[in-house]
> 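I'd like to ask some things about the structure below.
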Amino acid sequence: AHSYTKYNTWAQIQSWIASISTSNKDLISKEVIGNTYEGRPMTLLKLGRKSSFAKPAIFMDCGIHAREWISPAFCQWFVKEALSTFGSDAQMTSLLNQMDVYVLPVFNIDGYEYTHTNNRMWRKTRSRKSGTSCVGADPNRNFDAGWCTLGASSNPCSDTFCGYSPESEIEVKNVANFIRRNKAVIKAYLTVHSYSQLLLFPYSYSYNLAAHHSELLKVAEGASAALRSLYGTRYTSGPGATTIYPAAGGSDDWAYDLGVKYSYTFELRDTGRYGFLLPESQIKPTCEETMLAVKYIAAYVQKNL
Ligand code: 0X9
Ligand code: ZN
Ligand code: ZN
């Protein structure tokens, strides 16, 4: 059965999506933005009070990388918290009154399923192409942002394979198409990964500072301080290229260059003790502290609409 404090399988997440979106019809709706390579539906949840006009929105995805299980756990937690605190928490109420939050609970569903059934440390998609026996590309090297120029591999057997062309991965194409179609309303792009306890922003494909560098840093530092206030967990903020490593083709850089100013990559707990194998006992504290950071960014975006 589905649990917010366990690492759920795709089957459990799928039935959770179905039930949560039918039991809260005034605040949540769902939309399939396409299918994965293996044919699983990529269901996007839309949170927000119903409106007759298009509200400004925040887009958040989890599970770009298959083995980063804490990430989909956070998206599920966020949806639960948003629904259960609407009407009692002043900030969440105001946020969902004024804005919509799009949540993609699992981006790389095929890879996520593979980590439950075959190889816990799988990272990439599960696409196949004739000419190689190696499977999949790194979805976070497959976006059209300095594609395959830096920190990515053109070898299909590499864990950071950039793919055969930008958006060659259908999951990447589906998300990019949705964001392009809705770019007039999308004011922030948040993507959740693990691990390292970092809050990253553009650029990763270049050492150049983003045009809004100081503001992005200020907001990241505020969000990190909010996160730390709960359990003392320390995060480092900065541009991807210098804070983690240079790597092109990432979703954050792509969204930023499309015009989504507030574009952030979270690298959740921990700093390496458990790494991708973060114990289930840490799901609740990790999600609670991360909520504070996401709400900080959301409040800032809302105030600056
Ligand atoms: O390498 C990545 O894709 C991310 N780290 S992870 O360990 N989760 O794989 C960092 C992404 C930072 N942003 C870009 N490289 N655009
Ligand atoms: Zn489990
Ligand atoms: Zn990742």
Side-chain angles (χ1 to χ4, degrees), residues 7 59-75 104-112 114-115 120-125 136-153 158-163 166-167 169 171-172 175-176 179 188-210 213 216-217 220 224 235-258 260-278 286 290:
Y7 294 121
F59 185 99
M60 177 167 72
D61 60 55
C62 289
I64 280 191
H65 290 137
R67 63 192 173 194
E68 300 167 9
W69 284 10
I70 188 61
S71 167
F74 176 71
C75 269
L104 183 63
V106 187
F107 185 118
N108 176 9
I109 308 169
D110 298 346
Y112 186 74
Y114 194 73
T115 61
R120 175 64 183 83
M121 292 303 279
W122 192 257
R123 167 178 169 97
K124 301 188 284 180
T125 61
D138 184 343
N140 216 30
R141 300 291 181 276
N142 192 240
F143 281 82
D144 196 1
W147 180 76
C148 220
T149 54
L150 208 60
S153 175
S158 166
D159 240 0
T160 55
F161 176 46
C162 59
E167 301 180 13
E169 301 315 288
E171 298 83 359
V172 170
V175 168
I179 294 176
Y189 171 77
L190 306 178
T191 181
V192 183
H193 291 250
S194 76
Y195 58 92
S196 290
Q197 295 176 194
L198 305 172
L199 186 41
L200 307 170
F201 51 85
Y203 285 105
S204 290
Y205 74 73
S206 156
Y207 288 103
N208 295 340
L209 295 187
H213 174 83
L216 289 168
L217 179 62
S224 300
Y235 268 59
T236 303
S237 310
T242 50
T243 309
I244 179 165
Y245 39 63
S251 62
D252 50 1
D253 286 353
W254 174 80
Y256 182 77
D257 282 349
L258 186 74
V260 182
K261 176 161 65 158
Y262 302 104
S263 178
Y264 288 100
T265 295
F266 280 84
E267 294 279 2
L268 302 183
R269 289 191 195 185
D270 55 13
T271 55
R273 178 173 180 183
Y274 297 105
F276 303 119
L277 308 180
L278 193 74
T286 301
T290 307

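For ligands, and for the atoms within them, numbers begin at 1 and follow the listed sequence. The shown structure was predicted, so the numbers you read here are calculated from the model rather than taken from an experiment.
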> Go through the structure and list residues passing side-chain contact (heavy atoms from CB on, under 4.5 Å) with T271, not counting sequence neighbours.
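Scan of T271 (side-chain contact (heavy atoms from CB on, under 4.5 Å), adjacent residues dropped) gives Q197.
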
> Any idea how many protein N, O or S atoms are nearer than 2.8 Å to the Zn ion (ligand 3)?
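Under the 2.8 Å cut-off, the count stands at 4.
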
> Just by distance, no angles: are the side chains of T149 and Y205 close enough, under 3.5 Å, to form a donor-acceptor pair?
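No, no side-chain donor-acceptor pair sits under 3.5 Å.
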
> Taking atom 9 (O) of ligand 1 as the point of reference, which of H193, R141, R123 owns the nearest heavy atom?
R123

> If you take the centroid of each ring, where Trp contributes its six-membered ring, are Y195 and Y274 closer together than 6.0 Å?
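Centroid distance Y274-Y195: not below 6.0 Å, so no.
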
> If the condition is salt bridge (charged side-chain N to carboxylate O under 4.0 Å, His left out), which residues does D144 pass it with, not counting sequence neighbours?
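Testing D144 for salt bridge (charged side-chain N to carboxylate O under 4.0 Å, His left out), a comparison that skips the adjacent residues, returns none.
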
> Establish, from distance only, whether the side-chain atoms of N108 and T125 form a donor-acceptor pair under 3.5 Å.
no

> Consider salt bridge (charged side-chain N to carboxylate O under 4.0 Å, His left out). Of R141, K124, R67, which one does D159 pass it with?
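It is R67, the one option of R141, K124, R67 that forms the salt bridge (charged side-chain N to carboxylate O under 4.0 Å, His left out) with D159.
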
> What residues, two or more places apart in sequence or in another chain, satisfy side-chain hydrogen bond (donor to acceptor under 3.5 Å, both in side chains) together with T265?
D252

> Evaluate the ring planes of F143 and F107, with Trp represented by its six-membered ring, and classify them as parallel (under 30°), tilted (30 to 60°) or perpendicular (over 60°).
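Tilted: the ring planes of F143 and F107 meet at 30° to 60°.
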
> Answer with side chain, backbone, both or neither: which part of S194 has a heavy atom less than 4.0 angstrom from an atom of ligand 1?
backbone

> Take every heavy atom of G240, measure it against each atom of ligand 1, and state whether any distance is under 4.0 Å.
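G240: no contact with ligand 1 (<4.0 Å).
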
> Judged by non-hydrogen atoms, does Y245 sit under 4.0 Å from ligand 1?
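Right, Y245 reaches ligand 1.
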
> For the 3.5 Å polar cut-off, considering only N or O atoms, please tell me whether S204 and ligand 1 meet it.
yes

> Can you measure from CG (L199) to OG (S224) and round to the nearest 0.5 angstrom?
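L199 CG to S224 OG: 4.5 Å, rounded to 0.5 Å.
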
> Ignoring angles and geometry beyond distance, decide whether S251 reaches within less than 3.5 Å of ligand 1 through its nitrogen or oxygen atoms.
no

> Flag L200 as yes when one of its N or O atoms lies below 3.5 Å from any N or O atom of ligand 1, and as no otherwise.
no

